[in-house]
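Report on the following structure.
Everything numeric in this text was worked out from a predicted model, so none of it was measured. Residue numbers begin at 1 in each chain, while the letters A, B, ... track the order of the sequences.
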Amino acid sequence: MGKAPKKRSLADKVRKTKTSSEIKNNPFEVKINRKKFDILGRKTKHDVGLPGVSRSKAINKRKETLLKEYKQKNKSNKFIDRRFGEYDTKMAPDDKILQRFAMERQRVHDKKDVYNLNEEEELTHYGQSLAEIEKFNDISWYIIFLSHLAELTASHFGGGGGLLRRKTAGEQQQEDEGSQRAKSRQELIEELIQKSKQEKRERQVQREEAQELTEKLDQEWKSIQTLMVKKTPKAEHGDKKEEKPKLDEYDMMVRELGFEMKAQPSEKMKTPEELAREEREKLQKLEADRLRRMMGDEVGGSAQSQTHLSADDLNDGFILDRDDKKTLSYHVRDKEESGVEEEDGDEDNAEEEEGGSTEEDEDGHSDLDSEQESEDEDRIQENKETNAKPQKSKEEMKAQQEAAKAELPYTFTVPETFNDLKDLLHGHTPDNQRLIVARTQKCNHPSLGVGNKLKLQVQYIIETVWLSVGVHWRTAHTVSTEKLYALCQMFPEAACNVMQNVLRDAGHSVEEVLEVKGHAAFPTLDMLIYLKVTALLFPTSDFRHPVTTPALLYISQALTKCPVRSLQDVMAALVLCCLAVEYVSISKRFLPELINFLAGTLHLAVQDKTSLGYSVVPPFRPTGRNSNLLVLSDSESCKSWSKKSLPLSATQHLELKNDTDRDNHRLMCLFTCLDLVKRCCLLYKDLPSFPHIFQPIRMLLSKHLLAQTLPEPLQELHGEILEVIRSAPVTHRLLVFDKKKPIPLKLLTPKIVEVLDYGKKRGSTREERERERLKHKHKKEFKGALREIRKDTRFLAREKLNEVMNRDAERKRKVKELFGSLATQEGEWKALKRKKRK
Amino acid sequence: MMAPAKKRNVSSVKSTQINVKTAKIDLSCKVESILKSRKHANDVFDILEFLQSEKEKDVVSAVSVCSKLFCTLLERKELFMGKLLGEEEALSGKCSAEEKYRIFMRHRYNSCVEMLLEHLSHEGYSVKESALCCLMKFAAAEGQHPLEDLDWSEHYSFPRELIQAVVERLLSKSTDNSLLISRFQEFLEMEDVRYYVMSSIRENVGKVMDKSKGAVVPIYQNNLFTLMSSISMPSQESELSNFMVKQEAKHEDWKAAKLNEHKRVFERMWLGFLKYKLPSSMYKKVLVILHESILPHMSKPTLMIDFLTAAYEVGGAISLLALNGLFVLIHQHNLDYPDFYKKLYNLLDPSIFHVKYRARFFYLANLFLSSSHLPVYLVAAFAKRLARLALTAPPSALLVVLPFIYNLIRRHPSCRVLIHKPNTDGEPVEDLYVMDEEDPAQCRALESSLWEIKTLQKHYYPDVAKAAMLINTPLSEQEDDISEMLEITTYELMERDLKQTQNKSIPLEFETATQLLKGGGDVLGQHFCLN
C-alpha cells in the first residue's frame with residue numbers, strides 16, 4: 001500500500017527532470033485518442049493526450065490548495081501574507097515587486113507635500129537642497145557645488161578629480177561644528193542667539209561679497225568668453241553661471257518674436273476687370289436668389305447673402321454662427337464688440353418699435369396739418385429758388401455749393417423726432433440736405449458706438465413718416481428714398497416691422513369700413529407712397545414675402561372693394577394699378593383684380609352702355625351713377641389733347657375748371673389705362689387662359705370703345721392691344737397630370753438562415769439557441785465539476801490514508817523500539833542474574 | 001268727442017305756460033283729487049289739455065299721469081262698461097248720477113286713448129315711447145277689467161280694438177318707426193299680444209295694400225317688415241306661458257294659447273305680406289331671414305313655394321338668397337323643382353365672388369352638388385364654369401373656389417378628365433367650352449380642360465398658387481373642408497401673412513433705389529409726376 005505513492009512521487013520526480021519535448025516523444029506518456037471518423041477540415045485539439053503530465057499537474061495543484069486547506073482545517077490561527085499581490089496569480093513577479101516599491105515610497109512620502117502638485121522630490125547635494133543652493137544665498141556652497149559638478153563631469157568624461165577629498169573636508173567642518181554643541185542649555189541658547197546674529201551679519205556681508213564677485217566674474221567671463229568657445233567642458237564654473245544671462249537674451253528674442261505681429265498676407269490689389277467681374281458675380285448670385293424665391297422654393301439655409309457690405313468688411317467670410325439667423329454684417333460687428341450691449345439693443349429695439357409706431361400714429365394725424373404748412377413753406381422756398389437761379393451761373397453755383405459744403409459741420413446728432421429732422425434740414429439746398437443726411441448716417445454708424453443703432457432706427461421710422469409728407473416737400477424725396485434704402489439694408493427687420501404695421505393698420509381700417517358700409521374709399525396719397533416705397537425696398541417678385549405679399553393683398557382689397565365715384569378716385573385707382581403692374585412686372589404673376597379693374601375703368605369711358613357683350617365685375621356696375629365718368633363731354637376735345645404726366649397730388653384734390661380741362665384729364669386717364677392694359681397683355685401673354693382673361697377687354701375695345709373716337713396715341717395703343725390679344729394662341733394641350741416616377745415594385749429580400757449544419761436544431765430564434773448553448777455548457781461544466789469533486793475526495797482520502805499509514809508506521813516503529821529496549825533490558829537483567837548465580 | 005277738450009284748451013293757454021315741474025306736481029295733485037272725490041272730476045280736462053301741449057316734457061308727464069289715473073279707474077271699475085252711448089245723450093238721459101259719472105269718465109278715457117294714438121306719430125321719440133307704453137298699460141288693464149260685457153261666453157276678454165289701433169299707428173305710411181317698433185318688441189314677448197298683433201297686422205296689410213292697388217309703399221312695408229321680423233315665435237307649446245291677460249275660464253281653449261294657432265296666424269301674416277309687390281331691398285331682407293326665422297314657424301312651409309320660385313327667377317343676388325329657402329323646402333318638404341340645377345348654373349356669374357352672400361352661396365352650392373346622383377356633364381359644367389369665373393375672383397374667393405372644384409372632381413371621378421386627359425396625342429386643341437350656353441348639357445365642358453386653374457398657378461397670392469398646383473398630380477381621396485374658408489376676407493389673409501414672419505431673415509431688394517418713382521419697371525414714373 002505504501003508503495004504506490006512512493007512510486008508516483010518517483011515518477012513525478014522523473015517527469016520533472018525531463019523536458020516537455022522528451023515527455024511528448026515518450027510513447028509511454030502519450031495516449032492517442034482514437035477517432036471514429038476522419039472528418040475533413042475539422043481541427044481536433046484532443047487527438048493526443050498526456051495523462052501522466054496532466055495527472056501530476058492536478059495533484060500538484062491539489063497539494064497547493066486542497067491539501068493546505070485540509071491541514072488548516074479546525075485550526076483557529078492561520079498565517080496570511082498581506083503583502084501586495086501575494087495571492088494574485090495573474091501578476092508577474094516583477095510587477096509585484098515594482099508595485100510594492102511604489103507603495104512603499106508613497107507611504108513614506110511626506111505629508112506636507114500633499115498640496116505639491118509637481119510631485120518632484122527635492123534634489124539634494126550632500127544633504128543640501130539644490131533649490132536653496134541655486135538661490136545663491138551661500139556662495140561657498142554654490143562654488144562647492146559647481147566645482148563638484150565640474151569634477152563629476154570631468155571624471156565621467158575622462159580624468160579623475162579630488163571629489164572625495166574635498167568632500168571629506170566639507171564633512172569635517174560640519175562635524176567640528178557638531179562637536180561644539182555639547183554644552184549646557186543656557187549657554188547653548190545664548191550661543192545660538194549670538195551665532196544667529198553673527199551669521200546674519202556674516203550672511204549679509206557674504207551676500208554682498210558674492211554679488212560683487214559674481215558681477216566681477218560676469219565681467220571677466222564676458223572678456224574671455226570669446227576665447228572659451230572651443231574649450232572643453234572642463235572649463236570653470238563660470239561657464240554655468242554665464243548661461244543665465246545668455247538664456248535671458250534668447251528668451252527675450254523668442255518672446256519678442258512671439259509678440260511681434262505676424263506679417264499678414266495682404267490682399268492683392270484688384271484690377272478693374274476683376275472688380276467688375278466680382279460685382280457681376282455678386283449680382284448674378286442675388287438674381288439667382290431672387291429667382292429661387294420667386295419660384296417659391298423654401299430657403300434652405302438662412303445664410304442668405306445680405307446685399308449690404310460695409311467698407312470695413314474684411315470680406316473673409318467671417319460670420320458668427322449664432323448670428324446667422326437674422327443679422328447683417330453690422331450686427332456681427334456689434335456682437336463682437338460686446339454681447340451684452342447687443343442684447344440690450346435688441347430689447348430696446350422691441351421697445352423702440354412699439355414706441356415708434358405710436359409716434360408714427362401721432363405723426364400720422366399731424367400729417368394733415370403739417371402738409372398744409374409744408375406746402376406753404378415749399379412755395380416760398382421754391383419762389384426763392386426760382387428767383388435766385390437764373391441769376392447765378394453754373395460756376396457760381398458750384399462755388400457756392402462747395403462753400404456750403406465747407407460750412408457744414410461734419411458731425412450731426414441723430415434727430416429724435418420728426419420736428420428735429422425738419423429743423424435739421426430746413427434751409428438747406430437739396431444737395432446739402434443729402435450731404436447732411438449722409439453725414440448723420442455715417443457719424444452715427446451702428447458700429448461706432450452704443451445706441452447709435454437704436455437712434456438710427458428711430459430715424460428710420462421718422463423718415464418713413466417724413467416721406468409721406470415729403471411728397472409735397474418736393475426737394476426732399478430723392479434724399480429720403482436713397483436713405484430709406486440704405487437704412488433698410490441696415491435694419492431689415494425694423495423696416496419690415498414698420499411697413500407691416502403700416503399695412504396692417506391700413507388694411508384694418510379698410511376692413512372696418514367695409515363691415516359697416518360694404519365699400520370703402522380709395523387709399524390716400526400717403527398710403528400709395530407707402531406701397532411704392534415697399535416696392536422699392538423689398539423684392540416684389542418673391543413667391544411669399546412678409547411685406548410685399550400683404551401689400552399686394554392690400555392693393556387687391558382696394559381694387560375690389562372701392563367703388564369709383566369721381567375723377568380723383570380714377571386717379572388713385574390708376575396709381576394703384578400702376579403699382580400693381582410694377583409689383584408683378586418681374587414675376588409675371590397673375591393679378592385678376594387688376595384686369596377686372598382696368599376693364600371696369602375702360603367701361604367708364606363707353607358711351608353706349610346697352611347690349612354689352614361682356615360683364616363688368618364689382619366694384620363697377622354696368623350702368624348707374626358714376627358709370628359715365630370717363631365719357632368725353634365733347635368729342636372735339638380729342639384734337640386738342642396732348643400727353644403729359646399726371647401729378648400724384650391729383651389723387652387728393654383735383655381742380656378742373658372747364659369741360660376741356662376735364663376732357664383732357666379723362667383722355668389722360670384713358671391713355672394711362674390703355675397703356676397699363678397693354679403692359680398687362682404683354683405680361684400675361686403666356687398664360688393658358690390669356691384669351692379668356694382679356695375677353696371682356698377685347699369685346700369692349702373692339703365693339704364699344706372704337707379707335708376712331710380716340711386721339712392718335714390712344715389709337716395706337718388700342719391697336720396694339722387688340723393685336724396682342726388676337727395673336728395669342730387659342731389652342732392648348734389638354735391637361736394631364738405630371739408624369740410621376742413609377743413606383744418601384746416592392747422587393748422582398750430573401751430570408752437568410754444563419755447556420756446550415758444538420759444535426760443541430762435549426763430555425764429557432766437567437767434566444768432559443770443561446771439558451772440551448774448555455775444548457776449544454778452547464779451540463780458540461782456540471783460534469784466537470786463532479787469529476788473534479790470526485791478527484792478531490794479521492795485525493796483527500798489518499799492523503800488521509802497516507803497520514804494514518806504514516807502514523808501506524810511510526811507507532812510500530814516506536815513499539816518495536818520499545819520492545820527492543822525492553823528485550824535488551826530483559827537480556828541485561830537476565831545476564832546480571834546469571835552472573836549473580838555464578 | 002274732441003270738441004270740449006279743444007275749447008278748454010283755448011281757454012287755458014296761459015296755464016300751459018307754467019313751468020313743467022310745478023305742472024307735474026300740479027297734475028299729480030289733480031289726479032289724486034280726482035281719485036279722491038268725484039267733485040273734482042272736471043280736472044280731467046286739465047290733464048287732457050296737458051296731453052295736447054306742444055312741449056314734449058309736458059306731454060310725457062301728462063301721459064304718465066293719465067296712465068296712472070285711468071289704470072286706477074279701470075281697476076276700480078269706475079268706467080262705464082258695455083255699449084257706450086253718446087255723451088250728450090247719456091247726460092240728458094235718465095241714468096243715475098253714478099252711471100252718468102261712469103259714462104263721463106269712459107268718454108274721457110276714450111278721448112285720452114285717441115290722443116295717445118295720435119301721439120304715436122309724434123316727432124319726439126320720448127313722447128312716442130311713453131304713449132306706447134301707456135297704451136300697452138291700458139291694454140293690460142282693459143284685459144284684466146274688460147270694458148265690454150262678457151255675457152257672450154265664447155268671447156275672450158282681450159282689448160283687440162286697442163291693439164289693432166296701436167298696430168295701425170305703428171305701421172305708419174310716412175315715417176320710419178323702426179325705433180318705436182324695437183321698443184314694442186318687448187310687448188311682443190307676451191303670447192297673447194303677439195297673437196293679436198299678428199292677426200291685426202294681417203288685416204292691416206290687406207287694407208293698406210288694397211288701397212294702394214298693389215303698388216309699392218316703401219316706408220309702410222319697411223315698418224311692416226321691421227315689426228314682422230321682430231316677432232320671435234316660440235318653438236314649443238310649453239313655451240307659451242307669458243300672457244298679458246289671464247283668462248279665468250277656458251284658458252286652454254283660447255286661440256292665443258295654442259301654438260298651432262300662432263303658427264297659422266304667423267303664416268297668414270307673412271303670406272299676406274309677401275303676396276304684394278316688394279321693393280328689391282325688401283326682397284333681400286326677407287330672403288335673408290326666411291330660412292331661419294320664417295319657414296320653421298309656418299304650419300305649411302310649402303305655401304312659400306310660389307314666393308321662392310318667383311324670387312329665384314329674379315336673378316342676381318335675390319336668386320342667391322332664394323336658394324336657401326328653396327333648399328329647406330327641397331330638403332325637408334320634398335319640393336320638386338324642375339330645372340333647378342340649370343338655374344343654379346346660370347346663377348354663376350362674376351359677381352358671385354364679390355357679393356356679400358358669397359359664403360352662403362358656396363355653402364349651399366356645396367350641399368346641392370354633394371349628391372352623387374348628378375350627371376357627369378352637369379358637374380363638369382359647374383366645375384368648368386366656376387374655373388372660368390375664378391379668373392376674375394379675388395384671392396379670398398379663390399381659396400374657396402379651388403377646393404370646391406376639386407371636391408366636385410373627387411365626388412365624381414368621371415370628371416377627372418377635366419384635369420387629366422391622357423389619351424390624346426398631345427396636340428393642342430381649342431377650348432370647346434361654351435361660356436354663353438345656358439344649358440349645362442350643351443356647354444361641352446367635358447371636352448375641355450381646366451386651363452384656368454393652370455393659369456392660376458401663376459397667381460400672385462402664394463396660397464392660391466399652391467392650391468392651383470394640386471392639379472399637377474392626382475387629387476387626394478380626402479375631400480377638402482371649405483367651411484373654414486367660406487367667410488375669410490382679404491384682410492384676414494393679410495393678417496395671416498403679417499404674422500408669419502418670425503425668425504426668418506427678410507429678403508431685401510438689391511437694386512438700389514434712387515428715386516421715388518423710379519424702379520419696378522418704371523410704370524408709375526411714366527404716367528405720374530410728383531408735383
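- Of all the heavy atoms in His692(A) and Leu391(B), the pair that sits closest is CB-CD1, 4.1 Å.
- Taken from OG1 in Thr489(B) to CD in Glu515(A), the straight-line distance is 7.5 Å, to the nearest 0.5 Å.
- Counting only N and O atoms by type, the side chains of Ser556(A) and Tyr461(B) include no donor and acceptor under 3.5 Å apart.
- Of the two parts of Thr672(A), the backbone and the side chain both hold a non-hydrogen atom closer than 4.5 Å to a non-hydrogen atom of chain B.
- Both the backbone and the side chain of Leu450(B) come within less than 4.5 Å of a heavy atom of chain A.
- Of the residues considered (Asp431(B), Thr490(B), Ile419(B)), Ile419(B) shows the highest number of contacts with chain A, using heavy-atom pairs under 4.5 Å.
- For chain A, the option among Gln457(B), Arg496(B), Glu492(B), Glu452(B) with the highest count of heavy-atom pairs below 4.5 Å is Glu452(B).
- Heavy-atom distances place no part of Leu514(A) under 4.5 Å from chain B, backbone and side chain included.
- For Ser587(A), the part sitting under 4.5 Å from any heavy atom of chain B is the backbone (N, CA, C, O) and nothing else.
- With a threshold of 4.5 angstrom between heavy atoms, Leu559(A) does not approach chain B through any atom at all.
- Put simply, of Met668(A), Glu593(A), Gln557(A), the one with the most heavy-atom pairs under 4.5 Å next to chain B is Glu593(A).
- Among Glu430(B), Lys458(B), Lys454(B), the residue with the largest count of heavy-atom pairs under 4.5 Å with chain A is Lys458(B).
- Between the side chains of Tyr491(B) and Glu512(A), not a single donor N or O lies within less than 3.5 Å of an accepting N or O.
- If you take OG1 on Thr540(A) and OH on Tyr460(B), they are separated by 14.0 Å, rounding to the nearest 0.5 Å.
- Of the two parts of Ala393(B), only the backbone, made up of N, CA, C and O, holds a non-hydrogen atom closer than 4.5 Å to a non-hydrogen atom of chain A.
- Counting heavy atoms from C-beta on, the side chains of Pro395(B) and Leu553(A) come closer than 4.5 Å.
- For the residue pair Ser689(A) and Thr455(B), the shortest heavy atom distance occurs at OG-OG1, 2.7 Å.
- Once rounded to the nearest 0.5 Å, the distance linking CE of Met435(B) with CD of Gln695(A) reads 8.5 Å.
- Chain A forms more heavy-atom pairs under 4.5 Å with one residue of Val355(B), Asp463(B), Leu456(B) than with any other, namely Asp463(B).
- Nearest heavy-atom pair across Asn596(A) and Thr392(B) is ND2-O, 2.7 Å.
- Of the atoms belonging to Leu552(A), heavy atoms from both backbone and side chain fall under 4.5 Å from chain B.
- Of the listed residues Cys578(A), Ala535(A), Pro691(A), the one with more heavy-atom pairs under 4.5 angstrom with chain B than any other is Cys578(A).
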* Asked: After noting the C-alpha distance and the side-chain angles of Arg544(A) and Lys466(B), does the key distance pass the side-chain contact (heavy atoms from CB on, under 4.5 Å) rule?
  -> CA-CA 11 Å; Arg544(A) 189 190 281 280; Lys466(B) 271 185 197 159; 4.2 Å; yes

* To do: Could you give me the CA-CA distance, side-chain angles and deciding distance for Arg504(A) and Met494(B), then say whether side-chain contact (heavy atoms from CB on, under 4.5 Å) is met?
  => CA-CA 8 Å; Arg504(A) 185 178 292 129; Met494(B) 248 170 103; 6.0 Å; no

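- With a threshold of 4.5 angstrom between heavy atoms, Tyr554(A) approaches chain B through its backbone and through its side chain.
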